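Each ligand, and each atom within it, is numbered from 1 in the order the structure gives. The structure displayed is predicted, hence computed values, not measured ones.
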Amino acid sequence: MRIVLVGGGVIGLSIAREFHKLGYETVILDKNKLGKGASWVAGGMLAPQSEGLKPGIFLDFCLESRNMYEKFAREIEIDTGMDVGYWKSGIFCPAFSIEEKEKLLSNLETYKNIGLSGKWIDRSDLENIYPSLGEDIIGGVLYPDDAQVDNRLLMEALTHYCNINNIKYYENTKVDSILTENGRFKAVKSGDLYVDGDICIICAGAWSGELADIPVFPIKGEMAAVDVKREDIDKVFFSSKAYLIPRKDYSRLVIGATEEKVGFKDGNTVKGTLQLLDGLLKTFPHMINRNLQELWFGYRPATPDLEPIIGESNIKGLYYATGHHRNGILLAPITAKVIVDLIHKNKKSKYLEAFSYERFNQ
Ligand SMILES: Cc1cc2nc3c(=O)[nH]c(=O)nc-3n(C[C@H](O)[C@H](O)[C@H](O)COP(=O)(O)OP(=O)(O)OC[C@H]3O[C@@H](n4cnc5c(N)ncnc54)[C@H](O)[C@@H]3O)c2cc1C
């Protein structure tokens with residue numbers, strides 16, 4: 001059985017790896033290089049609690065994937081011999097005002113009621129750990145189970161996995177159309193190239209809406225990175241101003257992210273860069289003289305309710321695994337599991353109904 005994957009981001013490559021392990025023939029087509037879409041751009045936070053997600057099926061989905069991550073990361077490291085920078089350092093959410101403190105405490109209470117961990121830390125206790133903390137920070141909530149992965153290392157490792165296992169892929173190959181026959185998936189077409197198969201999965205990130213009748217659109221995010229020292233920060237800081245992600249090897253501090261519905265409008269703006277750097281300096285003013293390493297941007301694959309679209313389409317053999325918005329790095333392991341279980345075992349997870357494209361057709 002041949003599986004055709006349109007899009008080689010974290011979602012496509014994670015699915016390809018699972019199918020390969022089960023002995024399926026897998027072909028990936030990407031209009032760019034593998035792994036250079038949103039999955040390259042992201043912060044790599046595994047942060048359902050820091051994101052403040054409300055209790056419900058989407059939070060359950062995110063928590064289940066967070067629980068899978070350590071094993072997912074370790075297995076990829078064993079398969080490829082490459083480090084993916086998984087780091088369960090916890091994520092700290094600083095409060096810059098009384099209103100923010102109240103909101104954080106209310107989220108903390110909600111999470112405690114459903115058995116999740118977290119704790120409030122006063123500014124006086126923080127000052128012992130971070131002597132140069134921004135003066136407006138009054139305290140914050142630590143979520144010890146939120147984590148991070150270095151998404152660029154992860155994309156390099158998943159690409160390497162394809163290379164060492166002879167998973168076939170076409171780069172710089174934009175799929176123009178999906179061909180069907182008698183209501184069934186037949187092939188994808190890219191210029192003169194036809195790739196046929198039994199199953200096709202659209203995992204084309206923010207561009208998925210160009211290939212199928214699903215409401216997926218881009219939400220642009222700008223990012224920056226600066227030099228960092230071990231004594232600056234020991235975990236991710238996630239606030240209303242910015243999130244600050246020290247990589248496990250302290251090669252850089254990743255600062256994110258802006259959010260704008262401007263379509264595909266490439267480039268880093270002065271406004272976006274100022275917002276990110278202001279977030280850094282409001283948190284750690286002493287970092288003003290650090291070297292700026294890089295500015296970059298990308299597109300989150302969003303849907304109208306900001307939750308993903310996963311499962312079979314109205315065309316037999318054509319599936320969706322897209323629309324992961326702010327949490328696609330986090331959701332890669334569970335998405336791959338749900339899709340592979342559906343196709344391989346006809347096992348219908350409860351998440352398929354919740355994340356069906358059909359919810360937008362009512
Ligand atoms: C600024 C920013 C910060 C983020 N931070 C986080 C975070 O901290 N944690 C987290 O979990 N998530 C984060 N995300 C979200 C996460 O990056 C995405 O949800 C995730 O990467 C989506 O993965 P994907 O594989 O669906 O898409 P992508 O990685 O974009 O991959 C889609 C691929 O499809 C290809 N493609 C598109 N159209 C076609 C076509 N017609 N033919 C062939 N190929 C095609 C593209 O070239 C691309 O390689 C962030 C996103 C952004 C933009």
Side-chain angles (χ1 to χ4, degrees), residues 4-16 27-48 50-51 53 62 65-66 69 91 146-152 154-155 158-159 169-178 188-191 193 195 200-212 216 218-225 236 238 242-245 254-260 264 268 272 276 295-303 306-310 320-336:
V4 180
L5 293 160
V6 183
V10 74
I11 301 297
L13 296 183
S14 301
I15 294 172
V27 184
I28 307 162
L29 297 97
D30 200 294
K31 69 184 173 104
N32 198 334
K33 291 262 185 213
L34 293 189
K36 291 287 163 34
S39 306
W40 186 259
V41 171
M45 290 180 299
L46 312 173
S50 309
E51 287 267 340
L53 299 177
C62 290
S65 207
R66 191 183 66 181
Y69 231 95
I91 298 188
D146 277 350
Q148 66 154 300
V149 68
D150 185 329
N151 47 291
R152 292 190 179 181
L154 178 65
M155 297 321 296
L158 286 170
T159 302
Y169 60 84
Y170 297 87
E171 294 187 315
N172 304 313
T173 305
K174 180 170 189 256
V175 171
D176 318 308
S177 51
I178 312 274
V188 297
K189 185 173 172 294
S190 170
L193 176 77
V195 178
C200 174
I201 307 172
I202 296 183
C203 27
W207 300 267
S208 300
E210 295 172 2
L211 285 161
V216 178
I219 297 187
K220 183 179 173 186
E222 295 184 35
M223 303 278 282
V236 177
F238 184 128
Y243 50 73
L244 311 175
I245 310 167
V254 172
I255 309 167
T258 63
E259 266 201 70
E260 274 187 301
F264 292 106
N268 281 83
L276 298 173
L295 298 174
W296 69 99
F297 64 90
Y299 303 102
R300 303 173 185 89
T303 65
L306 304 179
E307 294 182 4
I309 298 177
I310 301 172
Y320 304 128
T322 186
H324 294 79
H325 186 226
R326 290 173 63 93
N327 290 292
I329 303 294
L330 167 67
L331 291 170
I334 187 89
T335 301

Check: Which residue owns the protein heavy atom closest to atom 3 (C) of ligand 1, what's the atom, and how far is it?
Finding: Y243 OH, 3.4 Å
Next item on the list: Say whether, by atom type as modelled, one donor and one acceptor occur between the side chain of T173 and the main chain of L29 under 3.5 angstrom.
Entry: no
Next item on the list: Would you mind listing which atoms of ligand 1 come within a distance below 4.0 Å of any non-hydrogen atom of V10?
Entry: 23 (O), 25 (O)
Checklist line | CD-CD distance between E222 and E259, expressed to the nearest 0.5 angstrom | finding: 12.0 Å
Notebook entry, point to check: Heavy atom of T173 under 4.0 Å from ligand 1?
Noted result: yes
Next item on the list: Compare all side-chain heavy atoms of Y169 with those of L5 and state whether any distance is below 4.5 angstrom.
Entry: no
Item checked: Element-labelled atoms of ligand 1 that are located less than 4.0 Å from some non-hydrogen atom of A42 -> 3 (C), 4 (C), 5 (N), 6 (C), 13 (C), 14 (N), 17 (O), 50 (C)
Notebook entry, point to check: Any ion pair linking E260 and K220 (charged N to carboxylate O, less than 4.0 Å)?
Noted result: no
Item checked: 4.5 Å side-chain heavy-atom contact, K33 and W40 -> no
Item checked: Close side-chain approach of W296 and V254, heavy atoms under 4.5 Å -> yes
Note to self: Could you tell me if the side chain of L211 sits less than 4.5 Å from the side chain of V188, heavy atoms only?
What the structure shows: no
Check: Can you tell me which residue and heavy atom of the protein come closest to atom 30 (O) of ligand 1, and the distance to 0.1 Å?
Finding: A38 N, 2.9 Å
Item checked: Option whose closest heavy atom lies nearest to atom 26 (O) of ligand 1, chosen from I11, V41, V149, L46 -> I11
Notebook entry, point to check: Which protein non-hydrogen atom lies closest to atom 21 (O) of ligand 1, naming both residue and atom, and how far is it?
Noted result: S39 OG, 2.9 Å
Notebook entry, point to check: Backbone or side chain, does any N or O of G298 fall under 3.5 Å from an N or O of ligand 1?
Noted result: no
Item checked: Residue, atom name and distance, where the atom is the protein heavy atom closest to atom 5 (N) of ligand 1 -> G43 N, 3.1 Å
Margin query: When you measure from the side chain of S190 to the backbone of K174, do you find a donor-acceptor pair of N or O atoms at a distance under 3.5 Å?
Written below: yes
Check: So, is V175 polar-close to ligand 1, with some N/O to N/O distance under 3.5 Å?
Finding: yes
Item checked: Shortest protein heavy-atom distance from atom 34 (O) of ligand 1, along with the residue and atom involved -> G7 CA, 3.2 Å
Next item on the list: Could you tell me the residue and atom name of the protein heavy atom closest to atom 44 (N) of ligand 1, and the distance to it rounded to 0.1 Å?
Entry: K31 N, 2.9 Å
Next item on the list: Pull out every atom of ligand 1 sitting under 4.0 Å from any heavy atom of L29, numbered as shown with elements.
Entry: 43 (C), 44 (N)
Checklist line | T322 heavy atom under 4.0 Å from ligand 1 | finding: no
Margin query: Out of D30, I219, L13, who is nearest to atom 49 (O) of ligand 1 when you count heavy atoms only?
Written below: D30
Item checked: Side chain, backbone, both or neither: the part of M223 lying under 4.0 Å from ligand 1 by heavy atom -> side chain
Notebook entry, point to check: Would you call L13 and T159 a side-chain contact if the rule is heavy atoms closer than 4.5 Å?
Noted result: yes
Note to self: Please check: side-chain N/O of D30 versus main-chain N/O of E171, any donor-acceptor pairing under 3.5 Å?
What the structure shows: no
Margin query: For ligand 1 and G328, I'd like to know whether there is a polar contact (N/O to N/O, distance under 3.5 Å).
Written below: yes
Return a table of donor-acceptor pairs under 3.5 angstrom between the side chains of residues 327-335 and protein atoms on other chains or two or more places apart.
residue, atom, partner, partner atom, Å
T335, OG1, H324, NE2, 3.0
T335, OG1, L331, O, 2.7

Notebook entry, point to check: Looking at CD1 of I245 and CG of D150, how far apart are the two atoms once the value is rounded to the nearest 0.5 Å?
Noted result: 9.5 Å
Margin query: When you compare ligand 1 with G44, is there at least one nitrogen or oxygen pair between them that comes in under 3.5 angstrom?
Written below: yes
Item checked: ligand 1 contacted by F297 (non-hydrogen, < 4.0 Å) -> no
Next item on the list: Decide whether the shortest distance between a heavy atom of A206 and an atom of ligand 1 is less than 4.0 Å.
Entry: no
Next item on the list: Decide whether the shortest distance between a heavy atom of P301 and an atom of ligand 1 is less than 4.0 Å.
Entry: yes
Next item on the list: Could you list the atoms of ligand 1 found under 4.0 angstrom from a heavy atom of N327?
Entry: 10 (C), 11 (O), 12 (N)
Next item on the list: Please work out which of H324, K36, M45 has its closest non-hydrogen atom nearest to atom 9 (N) of ligand 1.
Entry: M45
Next item on the list: Supply the atom-to-atom distance L46 CG to D146 CG, rounded to the nearest 0.5 angstrom.
Entry: 8.0 Å
Notebook entry, point to check: Taking N or O atoms only and a 3.5 Å limit, does A257 qualify as a polar contact for ligand 1?
Noted result: no
Checklist line | Polar side-chain atom of S39 near backbone of G9 as donor-acceptor pair, under 3.5 Å | finding: no
Item checked: Any V216 side-chain heavy atom under 4.5 Å of Y320 side chain -> no
Check: To the nearest 0.1 Å, how far is atom 15 (C) of ligand 1 from its closest protein heavy atom, and which atom is that?
Finding: H325 O, 2.9 Å
Margin query: Quick check: R326 and ligand 1, any N/O pair under 3.5 Å apart?
Written below: yes
Item checked: Qualifying residues under side chain to side chain contact (heavy atoms under 4.5 Å, CB included), relative to A302, sequence neighbours excluded -> F217, I219, L306, H325
Note to self: Give me the residue, atom name and distance of the protein heavy atom closest to atom 52 (C) of ligand 1.
What the structure shows: R300 CG, 3.6 Å
Check: By number and element, which atoms of ligand 1 are closer than 4.0 Å to a non-hydrogen atom of N32?
Finding: 47 (O)
Note to self: Taking N172's backbone N and O only, do any of them form a donor-acceptor pair with N32's side chain (distance below 3.5 Å, no angle check)?
What the structure shows: no
Margin query: List ligand 1 atoms under 4.0 Å from K174, heavy atoms only on the residue side.
Written below: 41 (N), 42 (N)
